[in-house]
**Student:** 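Take this structure, written in structure tokens, and hold onto it; I'll ask about it next.
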Amino acid sequence: MTATIAYADVEPGTELPAQTFPVTRATLVRYAGASGDFNPIHWNERFAREVGLPDVIAHGMFTMAEAVRVVTDWAGDPAAVVEYGVRFTRPVVVPDVPGDEPGAVIEVSAKVAAKLDDAARTVRVDLTATSAGQKVLGMARAVVALA
């Protein structure tokens, strides 16, 4: 696969389509199984509160992965992301709610911040990820190779 967005078609300031990602306790249990991270702060409310958290929290790597989906969906190829890093600023708190309603929502927006290398056709994309009105990732940046 290759990126479907052409380097020539983007400029600094180009906004990527924003997305929201619902998070339920079931989502966290599935992620724990896939990742092998069964830390009880991600599924046991009593334990999370005992260690000073307001409730169960999403895995940091899960939050990071959800956020970069904005970039991979835009680029058209997950392999187009050649570098990605974030700073974890706040946890995504996921309260237990009845039914299929999400306990939390991660809202992600992104924009092309800079064209980096014309020969490699790479751009830097800056992401903003929030949950419950709080920024949950800081310095979230991806370097993306475009077509």
Side-chain angles (χ1 to χ4, degrees), residues 1-44 47-48 51-95 97 100-147:
M1 290 180 64
T2 184
T4 58
I5 302 293
Y7 181 78
D9 293 341
V10 300
E11 293 298 329
T14 299
E15 293 187 15
L16 284 61
Q19 294 187 50
T20 59
F21 302 99
V23 185
T24 66
R25 294 276 181 95
T27 306
L28 300 182
V29 170
R30 285 192 298 276
Y31 182 82
S35 69
D37 181 353
F38 292 101
N39 187 325
I41 63 172
H42 302 304
W43 56 270
N44 184 317
F47 183 85
V51 297
L53 295 168
D55 210 325
V56 165
I57 62 170
H59 303 72
M61 297 303 284
F62 169 81
T63 303
M64 187 178 175
E66 289 290 76
V68 81
R69 287 176 54 191
V70 168
V71 178
T72 60
D73 288 354
W74 170 73
D77 180 7
V81 176
V82 295
E83 186 178 316
Y84 178 49
V86 307
R87 184 171 54 90
F88 299 107
T89 57
R90 285 191 170 79
V92 174
V93 178
V94 185
V97 295
D100 294 333
E101 292 297 313
V105 174
I106 302 168
E107 299 169 326
V108 183
S109 61
K111 69 179 176 180
V112 175
K115 287 186 142 181
L116 300 177
D117 184 341
D118 290 345
R121 297 184 315 269
T122 56
V123 297
R124 188 186 89 217
V125 175
D126 291 352
L127 297 91
T128 301
T130 62
S131 183
Q134 300 283 322
K135 193 172 184 181
V136 295
L137 298 176
M139 300 296 291
R141 296 179 172 172
V143 175
V144 185
L146 299 178

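Since the structure is predicted, the reported quantities are computational estimates derived from the model, not experimental observations.
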**Student:** Tell me the closest heavy-atom pair linking Pro78 and Thr72, and the distance in Å.
**Tutor:**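 Shortest heavy-atom contact: CA-CG2, 3.7 Å.
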**Student:** Once ring-ring contact (aromatic ring centres under 6.0 Å, His included) is applied, do any residues pair with Phe21, and if so which ones, sequence neighbours excluded?
**Tutor:**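 Testing Phe21 for ring-ring contact (aromatic ring centres under 6.0 Å, His included), a comparison that skips the adjacent residues, returns none.
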**Student:** Please give me the minimum heavy-atom distance between Trp74 and Ile5, naming the atom from each residue.
**Tutor:**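 Taking Trp74 first and Ile5 second, the nearest heavy atoms are O-CG1, 3.1 Å.
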**Student:** Mind checking whether Val125 and Leu16 have side chains closer than 4.5 Å, heavy atoms only?
**Tutor:**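 Yes. Closest side-chain heavy atoms under 4.5 Å.
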**Student:** For Glu83, what residues pass the side chain to side chain donor-acceptor pair (under 3.5 Å) criterion, not counting sequence neighbours?
**Tutor:**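 Side chain to side chain donor-acceptor pair (under 3.5 Å) check on Glu83 returns nothing, list empty.
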**Student:** Applying side chain to side chain contact (heavy atoms under 4.5 Å, CB included), can you list everything that pairs with Glu101, at least two apart in sequence or on another chain?
**Tutor:**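 Once residues adjacent in sequence are excluded, the partners of Glu101 under the side chain to side chain contact (heavy atoms under 4.5 Å, CB included) criterion are Val97.
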**Student:** Could you tell me if the side chain of Thr27 sits less than 4.5 Å from the side chain of Phe62, heavy atoms only?
**Tutor:**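 The answer is yes, as the side chains (C-beta and beyond) meet within the 4.5 Å cut-off.
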**Student:** Identify, with sequence neighbours excluded, every residue that meets side chain to side chain contact (heavy atoms under 4.5 Å, CB included) alongside Gln134.
**Tutor:**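 Applying side chain to side chain contact (heavy atoms under 4.5 Å, CB included) to Gln134 gives Arg90.
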**Student:** Taking side chain as C-beta onward, heavy atoms only, is Val123 less than 4.5 Å from Leu146?
**Tutor:**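 Counting from C-beta outward, Val123 and Leu146 do come under 4.5 Å.
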**Student:** In chain order, what residues pass the side chain to side chain donor-acceptor pair (under 3.5 Å) check against Thr128, with sequence neighbours excluded?
**Tutor:**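 Thr128 satisfies side chain to side chain donor-acceptor pair (under 3.5 Å) with no residue once adjacent residues are dropped.
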**Student:** At their closest point, which heavy atom of Tyr84 faces which heavy atom of Met64, and how far apart are they?
**Tutor:**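 In this case the closest contact between Tyr84 and Met64 is OH-O, 2.8 Å.
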**Student:** For the pair Val92 and Ile106, evaluate side-chain contact (heavy atoms from CB on, under 4.5 Å) and give the outcome as yes or no after the intermediate values.
**Tutor:** CA-CA 8 Å; Val92 174; Ile106 302 168; 4.2 Å; yes
**Student:** With a 3.5 Å distance limit and no angle check, can you tell me whether Thr89 reaches the backbone of Val136 through a side-chain donor-acceptor pair?
**Tutor:**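 Checking the backbone N and O of Val136 against the side chain of Thr89, a donor-acceptor pair under 3.5 Å is found.
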**Student:** Any side-chain heavy atom of Tyr7 within less than 4.5 Å of one from Asp118?
**Tutor:**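 The answer is yes; the side chains approach within 4.5 Å.
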**Student:** With sequence neighbours excluded, tell me which residues meet side chain to side chain contact (heavy atoms under 4.5 Å, CB included) with Ala80.
**Tutor:**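 Ala80 satisfies side chain to side chain contact (heavy atoms under 4.5 Å, CB included) with Ala3, Ala75, Asp77, Val144 only.
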**Student:** Looking only at heavy atoms, what is the nearest atom pair of Pro102 and Pro22, with distance?
**Tutor:**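 Minimum heavy-atom separation between Pro102 and Pro22: CB-CB, 3.6 Å.
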**Student:** Quick check: closest heavy atoms across Ala8 and Lys115, and the distance to 0.1 Å?
**Tutor:**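 That would be CA-NZ, 4.3 Å.
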**Student:** Any side-chain to backbone donor/acceptor pair from Thr63 onto His59? Under 3.5 Å, distance only.
**Tutor:**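 Looks like yes, one N/O pair under 3.5 Å.
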**Student:** Provide the closest heavy-atom pair for Val108 versus Ala129 in the form atom of the first, atom of the second, distance.
**Tutor:**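 The pair with the smallest heavy-atom distance is CG2-CB, 4.2 Å.
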**Student:** Is any side-chain heavy atom of Leu116 closer than 4.5 Å to one of Val143?
**Tutor:**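 A side-chain contact under 4.5 Å exists here.
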**Student:** Run the salt bridge (charged side-chain N to carboxylate O under 4.0 Å, His left out) test against Asp126 and tell me which residues pass, sequence neighbours left out.
**Tutor:**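 Listed in chain order: Arg124, Arg141.
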**Student:** Residues two or more places apart in sequence or in another chain: which of them pass salt bridge (charged side-chain N to carboxylate O under 4.0 Å, His left out) with Asp117?
**Tutor:**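 Salt bridge (charged side-chain N to carboxylate O under 4.0 Å, His left out) list for Asp117, sorted by chain: empty.
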**Student:** Can you check whether Arg25 reaches Val56 side chain to side chain, under 4.5 Å on heavy atoms?
**Tutor:**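 Yes; the side chains approach each other to less than 4.5 Å.
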**Student:** Mind checking side chain to side chain donor-acceptor pair (under 3.5 Å) for Asp9 and listing every partner two or more places apart, or none if nothing turns up?
**Tutor:**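 Per chain and number, Asp9 pairs via side chain to side chain donor-acceptor pair (under 3.5 Å) with no residue.
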**Student:** Find out whether Val94 and Leu28 are in side-chain contact, i.e. whether some heavy atom of one side chain is under 4.5 Å from a heavy atom of the other.
**Tutor:**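 Side-chain contact under 4.5 Å: yes.
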**Student:** Not counting sequence neighbours, which residues clear side chain to side chain contact (heavy atoms under 4.5 Å, CB included) with Ala26? List them please.
**Tutor:**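 Side chain to side chain contact (heavy atoms under 4.5 Å, CB included) check on Ala26 returns Thr24, Arg30.
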**Student:** Would you list the pairs meeting salt bridge (charged side-chain N to carboxylate O under 4.0 Å, His left out) in which at least one residue belongs to residues 56-74, sequence neighbours left out?
**Tutor:**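 Applying salt bridge (charged side-chain N to carboxylate O under 4.0 Å, His left out) to every pair that reaches into residues 56-74, excluding sequence neighbours, yields Glu66-Arg69.
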**Student:** Please output the side-chain donor-acceptor pairs of residues 35-43 that fall under 3.5 Å, not counting sequence neighbours, one pair per line with the distance.
**Tutor:**
residue, atom, partner, partner atom, Å
Ser35, OG, Tyr31, O, 2.9
Ser35, OG, Asp37, N, 3.1
Asp37, OD1, Asn39, N, 3.2
Asn39, OD1, Ile41, N, 3.1
His42, ND1, Ile57, O, 2.7
Trp43, NE1, Phe38, O, 3.0

